[in-house]
Asker: 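Sharing a structure, written as structure tokens. Questions coming.
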Number of protein chains: 2
Amino acid sequence: MVAAPKRDRKTERREATRREILAAAWEIAHQGGLTSVTLREIATRIGMQPPSLYSHFASKNAIYDAMFGQAWRDFHAVLEREAASFPADPRGRLVALATTYFDFATSDLERHQLMDVPMLRDFTPSEEAYRPAVECYEVMRSVLNEIGIRQQADLDIYTALAGGFVNQQLANDPKGDRWRVLLPRALSLLADDLGLPVQAPTPRSKK
Amino acid sequence: MVAAPKRDRKTERREATRREILAAAWEIAHQGGLTSVTLREIATRIGMQPPSLYSHFASKNAIYDAMFGQAWRDFHAVLEREAASFPADPRGRLVALATTYFDFATSDLERHQLMDVPMLRDFTPSEEAYRPAVECYEVMRSVLNEIGIRQQADLDIYTALAGGFVNQQLANDPKGDRWRVLLPRALSLLADDLGLPVQAPTPRSKK
DNA sequence: GTCTATACACCGATAGAC
DNA sequence: GTCTATCGGTGTATAGAC
């Protein structure tokens with residue numbers, strides 16, 4: 001009995017083309033905003049004719065959908081990776097969680113808009129594309145839960161705060177860190193209010 | 001010498017038509033979002049042919065521009081009116097200021113997007129339309145200044161907080177008050193951190 | 001000031017040949 | 001799977017008659 005071939009060259013090529021299309025779409029979005037992504041422009045960039053794209057995606061919204069899913073899967077991967085090395089103390093974890101989200105969101109405006117700002121009319125993510133988003137929320141909620149932030153009102157304040165910082169950073173200082181550096185202080189206010197234990201800072205060498 | 005006529009019927013009619021155009025534009029925006037405002041649709045609603053709109057506005061962006069200016073002048077009026085009856089104590093003033101902004105912003109999603117969320121490509125407000133926006137910032141900054149919030153970092157935390165609450169409210173509970181009711185608590189955290197004096201609540205009749 | 005007619009540049013999507 | 005050709009629609013804006 002001969003082993004089935006491990007690689008399916010045809011499928012590989014198909015997926016390579018899909019990736020190429022998505023890469024071009026991201027490139028366009030980064031240059032001219034999400035709404036400037038058009039089938040014509042995608043096709044031009046990858047040397048195709050616009051109708052050929054329909055062999056790979058059922059519609060333009062299907063492309064947005066794939067981008068949406070990809071973005072959340074990427075964040076999920078980052079979140080899992082970073083969460084493994086979060087500090088042990090509650091306040092440190094809180095800051096680390098928020099900073100992980102903040103950095104991911106602010107590092108790519110158009111991706112953030114696609115993920116978190118419903119700005120594309122007549123685009124609604126499919127259930128499949130939405131799944132990794134739900135998984136991210138689960139991870140974040142469980143981290144906050146461990147810390148002791150369980151009440152809905154407390155979670156709501158946290159999300160408003162994190163989202164507000166991201167938006168201000170992107171809107172008013174997109175290349176800087178004006179709000180990023182304030183994040184720990186803002187979170188410590190919340191931590192104080194919730195009575196999270198303060199961990200004495202690790203003693204440093206003298207002075 | 002005959003007194004000049006107080007009313008210019010021609011000008012009045014012109015401005016009435018302008019108002020009619022803007023009213024139709026807002027109506028469309030409220031129903032289908034800011035980007036769904038088109039000259040065709042405006043013209044249809046007021047019983048005109050699309051090209052006729054050019055007798056009143058130089059371009060579509062000129063219409064957005066007028067809407068932008070109108071929105072900020074409206075907020076300025078609300079702000080001046082409300083500020084006259086803000087409480088005397090710093091914490092009360094802080095909450096009143098933020099609530100005034102919050103209520104105005106959340107009461108009209110499309111207006112908020114036009115004012116605060118740069119989401120229309122190739123639209124930049126003219127200097128004239130931007131002026132009332134600057135005046136609003138002046139008023140808000142001066143209120144915060146009286147309270148004792150003067151450092152840029154403190155102002156930045158305030159704006160991130162206020163903006164974050166507005167966005168969460170509009171995105172996740174547009175018809176409710178889930179974040180509105182949390183606003184005083186969130187602001188008291190900031191007030192605590194800044195050491196704003198706490199005013200003993202006015203004694204009420206017994207228990 | 002408003003109209004008709006039209007120019008012009010886009011867009012997403014489909015049909016059918018190869 | 002990719003192509004050519006094309007459909008049917010969107011939009012802003014201009015020219016010129018009335």
Side-chain angles (χ1 to χ4, degrees), chain A residues 7-25 27-29 31-68 114 119-126, chain B residues 7-29 31-68 110 114 119-126:
Chain A
R7 295 174 51 192
D8 180 339
R9 302 186 72 88
K10 200 149 180 188
T11 303
E12 278 177 13
R13 195 160 187 90
R14 242 191 101 74
E15 295 190 344
T17 305
R18 268 182 72 102
R19 277 195 298 275
E20 215 180 333
I21 292 170
L22 293 178
E27 193 181 73
I28 297 163
Q31 289 172 4
L34 272 178
T35 59
S36 73
V37 175
T38 65
L39 300 183
R40 279 177 154 72
E41 184 62 24
I42 294 174
T44 299
R45 299 207 182 200
I46 64 176
M48 261 191 184
Q49 294 302 319
S52 303
L53 297 172
Y54 285 88
S55 297
H56 302 275
F57 291 94
S59 69
K60 184 186 173 182
N61 273 350
I63 297 180
Y64 281 137
D65 202 55
M67 295 166 78
F68 181 92
L114 183 60
M119 60 178 295
L120 296 173
R121 308 206 62 61
D122 64 84
F123 165 66
T124 314
S126 65
Chain B
R7 297 175 47 191
D8 180 339
R9 302 187 70 88
K10 199 146 178 189
T11 304
E12 280 178 12
R13 196 158 187 88
R14 241 190 102 73
E15 295 190 344
T17 305
R18 268 181 72 99
R19 277 194 299 275
E20 214 179 334
I21 292 170
L22 293 178
W26 280 117
E27 194 181 74
I28 297 163
Q31 289 171 4
L34 272 177
T35 59
S36 73
V37 175
T38 66
L39 300 183
R40 276 174 156 72
E41 184 62 24
I42 294 174
T44 299
R45 299 208 182 199
I46 65 175
M48 263 189 181
Q49 294 302 318
S52 303
L53 297 172
Y54 285 88
S55 298
H56 303 275
F57 290 95
S59 69
K60 184 187 171 181
N61 273 349
I63 297 180
Y64 281 137
D65 201 56
M67 295 166 78
F68 181 93
E110 288 76 25
L114 184 60
M119 61 179 293
L120 296 173
R121 295 179 25 78
D122 65 86
F123 165 66
T124 315
S126 65

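Basis for what follows: all heavy atoms, side chains included, without hydrogens, waters or symmetry-related copies. Since we're looking at a predicted model, the values are computed, not measured. Just so we're on the same page: letters track the sequence lines, and every chain starts at 1.
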Asker: Expressed in angstrom and rounded to an integer, what is the separation of R9(B) atom CZ from dG1(C) atom P?
Answerer: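 It is 16 Å, rounded to the nearest whole Å.
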Asker: Please check the phosphate of dT4(D) (OP1 and OP2 only) for any side-chain N or O of Q49(A) closer than 4.0 Å.
Answerer: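 Checking dT4(D) against Q49(A), a side-chain N or O does come within under 4.0 Å of OP1 or OP2.
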Asker: Figure out the CG/P separation between L120(B) and dT12(D), and round it to whole Å.
Answerer: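 Distance, rounded to whole Å: 12 Å.
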Asker: Calculate the interatomic distance between M48(B) atom CE and dA5(C) atom P; express it in whole Å.
Answerer: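 In whole Å, dA5(C) P lies 18 Å from M48(B) CE.
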Asker: Grab the CZ-P distance between R18(B) and dT2(C) for me, whole Å please.
Answerer: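 After rounding, the reported distance stands at 13 Å.
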Asker: Taking only side-chain nitrogens and oxygens of S52(B), does any of them come within less than 4.0 Å of OP1 or OP2 of dC3(C)?
Answerer: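 For S52(B), the contact criterion (side-chain N or O under 4.0 Å from OP1 or OP2 of dC3(C)) is met.
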Asker: Report the distance from atom CD1 of I46(B) to atom P of dG1(C), rounded to the nearest whole Å.
Answerer: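 My rounded result for the distance is 13 Å.
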Asker: Check every strand shown and say whether P51(A) touches a base, only sugar-phosphate, or nothing at a heavy-atom separation below 4.0 Å.
Answerer: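 Result for P51(A) = base.
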Asker: Got a second to check how far E15(B)'s CD is from D8(B)'s CG, nearest 0.5 Å?
Answerer: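 So the CD of E15(B) and the CG of D8(B) are separated by 9.0 Å.
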Asker: Hey, can you tell me if F123(A) and F68(A) have their rings parallel, tilted or perpendicular (30° and 60° cut-offs)?
Answerer: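 Taking F68(A) first and then F123(A), their aromatic rings stand perpendicular (interplane angle over 60°).
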Asker: At 4.0 Å (heavy atoms only), tell me whether S59(A) reaches a base, stays on the sugar-phosphate, or touches nothing.
Answerer: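 Answer is sugar-phosphate: S59(A) comes under 4.0 Å of backbone atoms only.
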Asker: Can you tell me the distance, in whole Å, between the CG atom of L39(A) and the C1' atom of dC10(C)?
Answerer: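 Whole-Å distance recorded here is 12 Å.
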Asker: Whole Å only: how far is the CZ atom of R14(B) from the C1' atom of dT2(C)?
Answerer: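 Rounded to the whole Å, the gap is 12 Å.
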Asker: Hey, does the side chain of R40(B) come within less than 4.0 Å of dT12(D)'s phosphate (OP1/OP2), counting only N and O?
Answerer: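 So the side chain of R40(B) is outside the cut-off, no N or O lying under 4.0 Å from OP1 or OP2 of dT12(D).
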Asker: Could you check how far OH of Y54(A) sits from P of dT2(D), rounded to whole Å?
Answerer: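 After rounding, the gap between these two atoms is 15 Å.
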